[in-house]
2 protein chains.
Amino acid sequence: MRKINENEIQKVKLGDVADKAGVSRTTVSRVLNNRGYISDKTRQKVHEAVELLNYQPNEIARSLFIKKTYIIGLIFPTTNNPFYGQLIFHLENICESLGYRVLLCNSQGREDKEKDYLKMLQRHQVDGIIAGAHNRGIEEYNNQHLPLVGIDRYLSKNIPVVSSDNYDGGKKATRLLIDKGCKQIIHINGSPSLETPANLRREAYEDVMKENQFHPRTYIIGDNIIERLFDENPNVDGIFASDDLIAANVIREAKRRNINIPGDLKVIGYDGTETTRILLPELSTIQQPVKEIADLAIKLLMKQINGESESQIEWKLPIKLIKGETT
Amino acid sequence: MRKINENEIQKVKLGDVADKAGVSRTTVSRVLNNRGYISDKTRQKVHEAVELLNYQPNEIARSLFIKKTYIIGLIFPTTNNPFYGQLIFHLENICESLGYRVLLCNSQGREDKEKDYLKMLQRHQVDGIIAGAHNRGIEEYNNQHLPLVGIDRYLSKNIPVVSSDNYDGGKKATRLLIDKGCKQIIHINGSPSLETPANLRREAYEDVMKENQFHPRTYIIGDNIIERLFDENPNVDGIFASDDLIAANVIREAKRRNINIPGDLKVIGYDGTETTRILLPELSTIQQPVKEIADLAIKLLMKQINGESESQIEWKLPIKLIKGETT
DNA sequence: ATAAATATGTCAACCGGTTGACATACAGAT
DNA sequence: ATCTGTATGTCAACCGGTTGACATATTTAT
């Protein structure tokens, strides 16, 4: 550890270890990477020098040569959302257990940010990317000779997508409301122009409604959408929100209007994250298998990284209906 | 873009751009980094070649030479917690705006993981680290010639710590309960052996209690702690939980026991994250200035990265009392 | 006409590791 | 005595950028 000037400290490098151990740089590298023949005596000398100098190999230099960074890029709208927070937690966790690190990107649902992040991750030579963000028209995902997996988002024809069984979730949610006697059921969802399997929640809702001779009505998330919904549908008695935060907002607005839940209005959400279960345990919801989604996404990504082939593109994992006190 | 074999695609590199533009590699580098004198004609030729080949500079190679990665390491317990999720969102956001990327580490409050992450981040040559995790006895943070900032955690004598004004928060929370007429107020907090400014919440609670001739009683988070609290204190009429999730659990247990809130029992939490405000808006809480904390932490980190000096170690940012319906 | 300043671009070393090719030494086999 | 195989270690090129030193024009000043 030689000082170069007051501010800059020269890091210990492989050559320093070699000098201290009295061997060549190659030998040190061989010892550290367990390659070729090395005598026990040499091995020990090297390890001692490493300890003594507290040597930390420079992964940047290593990555440059071996052309692998052991870094996975994650592109999601925001960690400030219980679902993504939980998902990212698991993704990072699994990566760590496999020796990979994670570069985090909050795209905030903005196409421009997502494009920039995608480029940035490539410049940083990440080994793969898992994206669950907004995606309309990000043609950059095509022709990307880079391992990719989408979560709840179609990125391109041949990029695998992992999601919960959105259709089943939508079906079960809608059926629950109907079974509980709701007659005027409204669905709140994101923009259908986003190409996501989450649209299947809406499809299922509409199918089930029609099956039961009800008239489906879907509101698209937007400004004051919940107030408008109540204003325009004073007799609404069932709401299926496509995520728990929206459901919570619905409940709050209902309270404000003195609408009794579940007496006059039944509400069911979607996601069922751990945070929601703690903060709003009474909410009925469709719980996504977050950990399983993360597991599968990583598994599919690793397959690509290791050059193994896999023809299945769409993967659906079973959801769980949680009957709370809001239905 | 030459194919080497079926699986491996050779990336476009600087030399390819140089060839295409009919100049040397140095010239291309100069153009891309705006250094030295370059004629407009040359500049344009280079840019055309870059476009044509869709050239993405290899940041790894660049980092190796300039000894800077523009990567910041974040070590926090878990993104699956509204407070950290929101904090990490802002941290990433600010970093991005400054041209830095973020390597995410979920230490899960485990000392061994935190140590491993710290080493890993160093091997990856990150430019700095912001940590808000468990820290007892991580002496590795000392003698780290690496820009560091702690959030709500003392890492080492001379590493800056940013936190909300925990003492003021604890004071305001306790006073609110007293003002509302509570006589038997109990505080729930994490282990006091963790060296965090969050302990000041407890200190303030105890000080205010004594000031008012009340007997302070603090429970440390653990298994079935909330049930035990109720069992052991049937007459408790005020609970100050050191975070909102705990407060939510208290509320749930109270409901189970048919204890009316806020009639028989008043509850106040701490954090006031956006998620809590949506899912449990009625909860009284002390709101931390999450964005401001992130802003300041990054500012302090950048100062270190840029070699500017700063003598202040502890930084406290004002909290906001949110009076909800649980008090 | 000549020196000095301004443009423009090339060469080659360097960042800190990794690894194929090669040198040397020695034991055992023929 | 010679060959083969096993051990042990060194040399130097390489990964893909960056940059100081230097060469060559071209323009301006004296």
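Every heavy atom of this structure was used, including side-chain atoms; hydrogens, water molecules and symmetry mates were not. The chains referred to below are lettered A, B, ... by the order of the sequence lines, with proteins before strands, and numbering in each begins at 1. On a predicted model such as this, the values are computed, not experimentally measured, just so you know.
The nearest pair of heavy atoms linking Lys316(A) to Glu314(A) is CE-OE1, 4.0 Å. A pairwise comparison of heavy atoms in Ile159(B) and Gly150(B) identifies CG2-N, 4.2 Å as the closest pair. The shortest non-hydrogen separation linking Ile75(A) to Ser107(A) is CG2-CB, 3.9 Å.
Less than 4.0 Å separates DNA chain C from at least one heavy atom of each of the following residues of residues 17-28 of chain B: Ser24(B), Thr26(B), Thr27(B). For the segment residues 42-52 of chain B, no residue has any heavy atom less than 4.0 angstrom from an atom of DNA chain D.
In this structure, Tyr37(A) atom OH and dG5(D) atom P are separated by 12 Å, rounded to whole Å. Summarising the geometry, the separation between CD on Gln122(B) and P on dG16(C) is reported as 16 Å, rounded to the nearest angstrom. Regarding Lys68(A), its NZ atom lies at a distance of 15 Å from the P atom of dT18(C), rounded to whole Å. Straight-line distance from the CG atom of Leu64(B) to the P atom of dT18(C): 12 Å, rounded to whole Å. Put simply, CZ on Arg123(A) is 12 Å from P on dT18(D), counting in whole angstrom units. Distance Ile60(B) CD1 to dG16(D) P: 12 Å, rounded to the nearest Å. To the nearest angstrom, C1' of dC15(C) lies 16 Å from CD of Glu59(A). Residue Lys13(A) contributes atom NZ, which lies 10 Å from atom C1' of dG17(C) at whole-angstrom precision.
In this structure, His47(A) contributes its side chain and Arg43(A) its backbone to a donor-acceptor pair below 3.5 Å. Looking at Ser163(A), its side chain never comes within 3.5 Å of a backbone N or O of Asp152(A) through a donor-acceptor pair.
Distance from the side chain of Ile66(B) is smallest for dT18(D) among the nucleotides dG16(D), dT18(D), dT8(C). Listed nucleotides dG17(D), dG9(C), dG17(C) differ in distance to Arg62(B); the shortest reach to its side chain belongs to dG17(D). Of the candidate nucleotides dT19(C), dG9(D), dG17(D), dT19(C) has the atom nearest to the side chain of Ser29(A). Distance from the side chain of Ser39(A) is smallest to dT8(D) among dG16(D), dT8(D), dG17(C).
Taking 4.0 angstrom as the limit, Lys67(A) places none of its side-chain polar atoms (N or O) nearer than this to OP1 or OP2 of dT18(C). Checking the phosphate oxygens (OP1, OP2) of dG16(D), no side-chain nitrogen or oxygen of Tyr55(B) falls inside 4.0 Å. Regarding contacts with the backbone of dC15(D), every side-chain N or O of Asn58(B) stays at 4.0 angstrom or more from both OP1 and OP2.
Leu91(B) pairs with exactly one of Ile130(B), Val290(B), Ile293(B), Leu301(B) by the side-chain contact (heavy atoms from CB on, under 4.5 Å) rule, that one being Ile130(B).
Pairs passing the ring pair (Phe, Tyr, Trp, His ring centres under 6.0 Å) check and including a residue from residues 77-101 of chain A, sequence neighbours excluded, read Tyr70(A)-Tyr100(A), Phe76(A)-Tyr84(A).
Donor-acceptor pairing under 3.5 Å, judged by distance alone, is absent between the side chain of Arg30(A) and the base of dT8(D).
Note on Asp16(B) versus Lys20(B): no salt bridge recorded, every NZ/NE/NH1/NH2 to OD/OE distance being 4.0 Å or above.
Within 6.0 Å of CD on Gln44(A) lie no more than 12 heavy atoms contributed by other residues, nucleotides or ligands. At most 12 non-hydrogen atoms from other residues, nucleotides or ligands lie less than 6.0 angstrom from NZ of Lys119(B).
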